[in-house]
Amino acid sequence: MKRLLLLDGHSLAYRAFFALPAENFSTSTGQHTNAVYGFTSMLINVLRDTEPTHLGVAFDVSRQTFRTEEYAEYKAGRATTPNEFKGQVSLVKEVLDAMGVAHIELDGYEADDILATLTTQAVDQGFDEVLLCSGDRDALQLVGDKVTVLYPVKGVSELARMTPAAVEEKYGVPPERYSDLAALVGEKSDNLPGVPGVGPKTAAKWLTTYGDLTGLVASIDQIKGKAGESVRAHLDGVLRNRRLNQLLTDVPLELGPDDLVRADWNRDEVHRVFDGLEFKVLRDRLFATLGTSEPEAEGNVDVDGEVVAEGGAEKALASLTGRTGVHVLGTWARGTGDAAGIGLAGDDGRALYIDLTALTPDDEKPLAAWLADESKPKAMHDAKGPMHALDARGLTLRGLTSDTAIAAYIVRPDQRSYGFDDLLLRYCHIELPQAGDAASGQGMLDLGGTATAETDDVMARAAAVAKLATALDEAVAEVGGTELMADLEMPVVDVLAGMEKAGIAVDLDELQSLESDYDALVVQAQHDAWDAIGGEQVNLGSPKQLQTVLFETLGMPKTKKTKTGYTTDAEALADLYEKEPHPFLEALLRHRDSSKLRSTVAGLIKSVADDGRIHTTYQQTIAATGRLSSTDPNLQNIPIRTESGRRIRRVFVVGEGYECLMSADYSQIEMRVMAHLSGDEGLIHAFNEGEDLHRFVGSRVFGVEPDGVTPEMRAKVKAMSYGLAYGLSAFGLSKQLRISTAEAQRLMDGYFERFGGVRDYLRHVVDDARAVGYTETMMGRRRYLPDLASDNRQRRDMAERMALNAPIQGSAADIMKKAMLGVDEALRDGEYASRVLLQVHDELILEIAEGEREAVEKLVREQMGSAADLDVPLDVNVGTGASWQDAEH
DNA sequence: CCTGTCACGTA
DNA sequence: CGTACGTGACAGGA
């Protein structure tokens with residue numbers, strides 16, 4: 001039995017480089033190893049799964065090949081190889097040398113040509129099987145009875161087995177026609193454009209009809225329709241693509257397939273190389289795969305699982321040691337859920353599974369007590385949802401010292417997604433056993449056999465979350481986030497869970513009547529718009545159709561360009577209306593307004609729960625600055641600016657059994673943060689005197705008495721003050737205020753002259769961020785901004801604006817979170833029935849119980865006002881009323 | 001059905 | 001050529 005495994009080293013390492021974040025894979029000396037790690041991990045897996053007798057890895061040498069000679073644009077436009085990747089290829093080769101794996105490269109040829117040549121030779125020489133592992137789809141043309149391509153589908157852990165049947169199923173053509181298909185469709189990454197308007201489906205249909213590309217060319221005049229015209233116009237390109245995507249099978253190699261027989265590997269060399277790369281777990285996995293009799297002690301991830309029998313909970317819980325990893329089996333959404341089981345794992349690898357659907361009182365009592373015991377430290381991943389599920393079973397969870405999603409967010413707040421399996425691989429270099437396969441090998445969590453069962457999976461996850469939490473504790477400490485985590489983010493989880501569970505009451509009848517009101521306005525506006533253009537029934541919601549009407553039918557002047565044409569946004573339409581007050585524009589703007597409000601209302605109606613309340617979900621790990629976000633529905637963007645929009649706020653009402661809603665919002669919190677951080681004496685003075693900020697700033701900038709500041713002056717200054725916190729330029733200010741750039745520049749100069757502290761602060765904050773690589777909020781929340789060093793000006797400018805804004809927006813977010821904790825705690829301490837329902841960045845909405853209004857107002861003012869110690873006061877406005885709208889005054 | 005784009009609501 | 005979000009509609013590819 002001869003089985004040859006061939007890998008495209010460059011493409012696989014490159015994939016690994018992007019699949020694994022560089023910052024989590026580097027040695028103590030700073031050498032990045034993510035590409036080496038990912039490639040080696042992939043190699044070990046594929047060796048384990050395929051057990052080849054012969055093995056080789058091909059590399060590209062340079063970009064100069066016969067393909068670039070024929071077509072200079074071949075692979076042009078590719079981003080330059082990142083510096084962090086360069087150098088890792090030679091490390092990959094060191095790994096291969098240590099493992100005794102041959103690697104092959106030849107100037108002027110791509111790795112895939114080498115693979116193609118070896119594959120052809122191996123088949124000719126009677127090999128039983130050839131396996132090609134490549135991230136380049138061109139390799140699919142080689143697939144045959146004895147040749148299978150292993151194509152990485154996502155990340156570094158999953159390979160698709162592309163047999164002839166699989167190729168045909170995916171692309172609709174057999175492997176020998178794949179290159180014809182690719183020539184028609186094009187290959188973006190190689191800069192080979194295909195036929196416009198022709199996708200894989202059309203191409204496959206043609207190739208089936210005409211046999212192959214040659215047949216297609218012979219009958220090319222018979223192809224009907226637009227696609228036919230298109231392919232005739234682009235035939236030269238197609239034929240060129242076909243010449244270029246043909247892999248060479250006659251590369252003059254020094255080694256043949258038989259020379260690739262697996263050689264002995266050098267244990268000492270593996271130790272030396274892997275030591276240098278600081279690969280511990282991977283080394284264990286390698287030794288396990290290569291069949292060593294020497295399993296190394298480190299990286300032991302055995303889990304000893306036990307499904308707790310009836311009546312055994314108390315004793316089992318008592319046996320848990322250290323911080324317990326918790327994983328809940330169940331479902332959750334919109335402030336509620338359902339939990340079926342719970343996995344608990346101590347730090348000694350002992351894990352328990354407790355079925356929650358059939359708990360006897362004898363088990364439930366100790367479990368509930370243990371879960372609620374603050375002194376039993378616990379770790380979970382994304383705990384808020386599971387907490388709802390437990391809550392639905394009457395179980396309260398306390399003592400959470402780590403939520404691994406939040407920990408990862410503190411370490412890198414820009415990621416937006418913190419999947420458990422990814423974090424586990426990144427921070428612990430551990431993989432969970434997948435359903436269906438028993439765990440095996442080092443670096444895999446191993447429950448000793450029945451890894452397919454759901455209970456085992458839950459226990460494995462509980463054990464994994466405990467390990468992950470420990471690894472992340474360290475990572476959090478490295479970014480100085482330990483306190484932020486313990487004192488702010490973790491306690492906030494509880495508060496948010498409470499808010500989500502409570503929800504906010506709405507007047508459903510009123511919502512429905514609003515919907516029909518807005519619907520009538522939409523219909524009327526649509527009618528007026530259609531009338532205004534002679535009855536043509538254009539879809540007013542389609543930017544594309546609007547462009548036709550505005551710029552062709554009506555011949556209006558072109559607006560600002562977008563990627564796909566010209567903008568039809570409200571600002572541009574208003575501009576057009578000034579130049580040309582066409583009734584269509586007026587009706588269109590009305591239609592926009594009304595349909596937006598209608599869909600907002602429709603969304604709210606859909607999300608009213610059975611209890612007559614809307615339960616939003618707060619996301620704590622999304623906004624890179626530290627803010628919360630709200631989804632399903634988003635209650636942080638309910639209209640307020642227009643009267644018709646404010647009607648929507650009237651449907652958010654006080655619930656039964658409560659007296660009123662209370663709104664408490666910070667006044668100008670970001671400006672106050674800026675005053676504090678900059679230490680600017682003028683701004684600090686203004687806030688301390690309790691003056692109208694914009695009037696005060698206006699009087700200084702324009703050199704008049706505060707009473708002499710006109711509304712126009714005040715509006716300009718207000719726009720500028722807020723703009724500064726976002727990195728506004730004179731150009732941007734001029735556009736917003738509809739003044740000349742020169743006048744905008746004079747305004748800004750005047751501002752900075754009077755408020756030099758602000759200017760100095762804004763300058764320093766960017767410089768400092770560039771020097772250390774991150775910005776920091778008042779409570780130590782970091783945001784890393786590598787693009788500050790980018791040589792791309794657009795990216796660098798963007799990063800600079802983020803650096804300007806992140807400490808201001810982020811500090812305000814910190815303060816609000818602190819205030820929420822204070823308010824929540826004070827409400828509990830005072831045993832009030834009133835509760836916090838919503839947070840809208842600088843505003844809290846509370847539901848006030850009968851007779852508690854005055855006391856709660858006092859407590860809210862105290863807690864919000866003292867959430868941070870600034871050089872300026874934190875002013876809080878409080879209002880109450882029967883609806884959100886009424887409370888805001 | 002999924003994905004990208006546009007548009008627009010909030011702080 | 002002003003930050004941070006989420007949602008809905010359309011359009012184009014399947």
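Naming convention: chains lettered A, B, ... in sequence-line order (proteins, then strands); numbering from 1 in each chain. Nothing here was measured: the structure is a model prediction, and the numbers come from that model.
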Ile622(A) atom CD1 is separated from dG6(C) atom P, nearest whole Å, by 6 Å
If the plane angle is over 60° it's perpendicular, under 30° parallel, otherwise tilted; pick one for Tyr751(A) and Phe755(A).
-> tilted
For DNA chain C, whose closest nucleotide is more 5', that of Gly727(A) or that of Thr600(A)?
-> Gly727(A)
Please give, in whole Å, the distance from dC5(C) P to Leu635(A) CG?
-> 18 Å
Distance only, no hydrogens: is a donor on one side chain within 3.5 Å (strictly under) of an acceptor on the other, for Asp519(A) and Ser516(A)?
-> no
Within the pair Ser599(A) and dT7(C), is there a side-chain N or O less than 4.0 Å away from OP1 or OP2?
-> no
Using a heavy-atom distance cut-off of less than 4.0 Å, which residues of residues 742-752 of chain A contact DNA chain B?
-> none
Considering only heavy atoms from C-beta outward, does the side chain of Gln619(A) approach that of Tyr409(A) to under 4.5 Å?
-> no
Round to a whole Å and report the spacing from CD1 of Ile638(A) to C1' of dT7(C).
-> 11 Å
Give me the first and last nucleotide of DNA chain B, going 5' to 3', that has any atom under 4.0 Å from a heavy atom of chain A.
-> dT5(B) to dA11(B)
Does Tyr518(A) reach the side chain of Lys596(A), with side-chain heavy atoms less than 4.5 Å apart?
-> no
Interatomic distance, Asp842(A) CG vs dA4(C) C1' [rounded to whole Å] | 13 Å
Going by distance alone, is a donor N or O of one side chain under 3.5 Å from an acceptor N or O of the other, for Gln636(A) and Gln839(A)?
-> yes
What's the shortest heavy-atom distance between Thr559(A) and Ala572(A), and which atoms?
-> CG2-CB, 3.8 Å
Quickly work out the Tyr518(A) OH to dG8(C) P distance and round it to whole Å.
-> 16 Å
Mind telling me whether Tyr171(A) and Tyr178(A) have parallel, tilted or perpendicular rings, with 30° and 60° as the class edges?
-> perpendicular
Return the value, rounded to whole Å, for the distance between atom CG of Asp787(A) and atom C1' of dT3(C).
-> 16 Å
dG2(C) P sits how many Å from Leu728(A) CG, rounded?
-> 6 Å
To the nearest angstrom, how far is His841(A) atom NE2 from dC5(C) atom C1'?
-> 6 Å
Could you please name the option among dC5(C), dC10(C), dA4(C) that lies closest to any side-chain atom of Met802(A)?
-> dA4(C)
